[in-house]
Amino acid sequence: MTGGLTPDSLLPFASDARAVPARAFFVQPTLRVARALLGMVLVHETPEGVTAGRIVEVEAYRGPGDRAAHSAGGRRTPRNEAMWGAPGHAYVYFVYGVHWCVNVVTQPPEVPEAVLLRALEPLAGLELMRARRAVPATAGPPRRPLADWQLCRGPGALCRAMGIDRARNGADLLAGPLRLLHGEAIAEAGVARTPRVGVDYAGADARRPWRFAVRGSRAVSGQRL
DNA sequence: GAGTTGATCACT
DNA sequence: GTGATCAACTCT
């Protein structure tokens, strides 16, 4: 630990920064974990500084039986190895030649399920996030400065703003530079459920309502819910 | 709808 | 080993 990530320094980001989730939290059914992650806080400490945001959008991926999951059909490769590992750790992968995406691994080892983090409402380190996002993922004309609510809108954008990449794959989310904290719980009425994004190839599994989002948050990707 | 690059798979 | 295909995306 480099010293910046103390309980006191985290207090501004969470209702009770000392209450990091217990390991058992991540062994609940994956859909329940996904739902409960809404409102929790993701913090990343890097040499450049600390960034943090409140989770407002997630998707559950449910292991071998889920054709949309990277572990569909029991597929196990170096890329998705972290999904098969211990709960409460990060599974970070690269997609479309451009973007990193971060998942929270659920279930005991050898049960490859996870929850993709799709959007955050920024809480801390906003200027660092803006600087990271100012470097476009793809070539193109200069962009207008992003509004706060756009900084972590979408799974690729979230990783770029938070500085999450391959180096965090397999990292423990209960200790270390990338960390989850309890935040303010989201009431049932404030949660929207929809099918997952970008998994049309998965047949019937593509239609399962395993995306969870905080209703009304501008930071939720795609159409507002 | 293009752009980008790594992983994976179906072949030699 | 090699080459083809495609991917849990983002911005125009």
Side-chain angles (χ1 to χ4, degrees), chain A residues 30-31 33-35 37-38 42 53 55-85 89-107 112-120 122 129-170 193-213 218-225:
Chain A
T30 297
L31 290 177
V33 176
R35 160 69 178 86
L37 280 169
L38 294 180
L42 184 70
I55 298 168
V56 293
E57 182 185 355
V58 300
E59 283 175 359
Y61 286 88
R62 295 204 53 200
D66 176 6
R67 289 180 56 195
H70 288 168
S71 53
R75 203 152 47 104
R76 182 172 191 164
T77 66
R79 181 206 201 196
N80 73 6
E81 184 60 29
M83 275 189 95
W84 296 80
H89 290 245
Y91 166 42
V92 181
Y93 65 88
F94 190 65
V95 269
Y96 298 120
V98 183
H99 303 286
W100 295 96
C101 294
V102 60
N103 295 251
V104 176
V105 174
T106 62
Q107 306 310 302
E113 305 197 1
V115 178
L116 172 67
L117 304 184
R118 290 191 55 91
L120 311 176
M129 290 182 181
R130 223 178 313 270
R132 286 167 169 160
R133 292 293 315 275
V135 183
T138 57
R143 296 216 237 98
R144 236 176 285 127
L146 292 168
D148 294 355
W149 57 270
Q150 297 173 308
L151 290 169
C152 301
R153 188 173 194 244
L158 177 164
C159 281
R160 178 162 285 267
M162 294 286 289
I164 297 169
D165 62 18
R166 139 185 349 272
R168 292 284 90 82
N169 190 33
R193 289 185 66 163
T194 78
R196 294 170 294 183
V197 173
V199 297
D200 296 341
Y201 58 85
D205 288 332
R207 293 189 285 280
R208 298 185 188 284
W210 289 355
R211 172 171 175 248
F212 297 80
R218 294 190 90 185
V220 170
S221 66
Q223 196 177 352
R224 217 108 64 210
L225 296 168

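Values reported hereafter were calculated over all heavy atoms of this structure, with side chains retained and with hydrogens, waters and symmetry mates removed. Note that the structure is a prediction, hence the values are computed from the model and not measured. In what follows, every chain begins at residue 1, and chains take the letters A, B, ... in the order their sequences are listed.
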- [ ] Give a yes or no on whether the backbone of Gly170(A) and the side-chain of His89(A) come within a donor-acceptor separation of less than 3.5 Å.
- [x] yes
| Checking Ser71(A) side chain against Pro112(A) main chain: does a donor-acceptor pair fall under 3.5 Å? | yes
Here the residues of residues 55-66 of chain A within 4.0 Å heavy-atom distance, strictly under, of DNA chain C are Tyr61(A)
Notebook entry, point to check: For Gly97(A), which contact category applies under a 4.0 Å heavy-atom criterion: base, sugar-phosphate, or nothing?
Noted result: base
Whole-Å distance, Tyr93(A) OH to dT8(B) P, equals 13 Å
**Study point:** Salt bridge Arg153(A)-Asp148(A), side-chain N to carboxylate O under 4.0 Å
**Key:** no
Flag side-chain contact, heavy atom, 4.5 Å: Val102(A) against Pro155(A):
no
Taken in chain and number order and not counting sequence neighbours, the residues that satisfy ring-ring contact (aromatic ring centres under 6.0 Å, His included) with Trp100(A) are Phe94(A)
- [ ] Please tell me if the side chains of Tyr61(A) and Arg196(A) come closer than 4.5 Å, counting only heavy atoms from C-beta onward.
- [x] yes
Here DNA chain C, pairs taken as Watson-Crick or G-U under 3.5 Å and shown with ( ), [ ] when crossing and | when to another strand, reads |||||||.|||.
Rounded to whole Å, CG of Asn169(A) lies from P of dA7(B) at a distance of 11 Å
From CZ of Arg133(A) across to P of dT10(C) the rounded distance in Å is 8 Å
Arg193(A) (side chain) donor-acceptor with Pro209(A) (main chain) under 3.5 angstrom
yes
Between CG of Asn80(A) and P of dC6(C) the distance, given in whole Å, is 20 Å
OP1 or OP2 of dA8(C) sitting under 4.0 Å from any side-chain N/O of His70(A)? yes
Separation of dG6(B) atom P from Asp165(A) atom CG, nearest Å, is 13 Å
Here the distance between atom P of dT10(C) and atom CZ of Arg160(A), to the nearest Å, is 11 Å
Can any side-chain N or O of Asp205(A) pair as donor or acceptor with the backbone N or O of Ala68(A) at less than 3.5 Å? no
Just the table, please: protein N/O against nucleotides 9-12 of chain B N/O, every pair under 3.5 Å.
none

Discussion item. Side chains of His70(A) and Met83(A), heavy atoms from C-beta outward: is any pair under 4.5 Å?
Written reply: yes
Report yes or no: does Asn80(A) contribute a side-chain atom to a donor-acceptor pair with the main-chain N or O of Thr77(A) at less than 3.5 Å? yes
The correct set of residues in residues 195-208 of chain A placing a heavy atom under 4.0 Å from DNA chain C is Gly198(A), Val199(A), Tyr201(A)
Any donor-acceptor pair under 3.5 Å from Asn103(A) side chain to Val92(A) backbone: no
Sequence neighbours excluded, the answer for side chain to side chain donor-acceptor pair (under 3.5 Å) partners of Ser221(A) is Glu57(A), Arg118(A)
5'-most contact on DNA chain B (nearest-nucleotide basis), Arg166(A) vs Tyr96(A), goes to Tyr96(A)
N or O in side chain of Arg76(A) less than 4.0 angstrom from dT8(B) OP1/OP2:
no
*For Ala157(A), report the nucleic acid contact type (base, sugar-phosphate, nothing); a contact means any heavy atom under 4.0 Å.*
sugar-phosphate
| query | Side chain of Arg207(A), backbone of Pro195(A): donor and acceptor closer than 3.5 Å? | reply | no
Side-chain heavy atoms of Leu116(A) within contact of Tyr93(A), under 4.5 Å:
yes
Atom CD of Gln150(A) and atom P of dC9(C) are separated, to the nearest Å, by 19 Å
Whole-Å distance, Arg79(A) CZ to dA7(B) C1', equals 6 Å
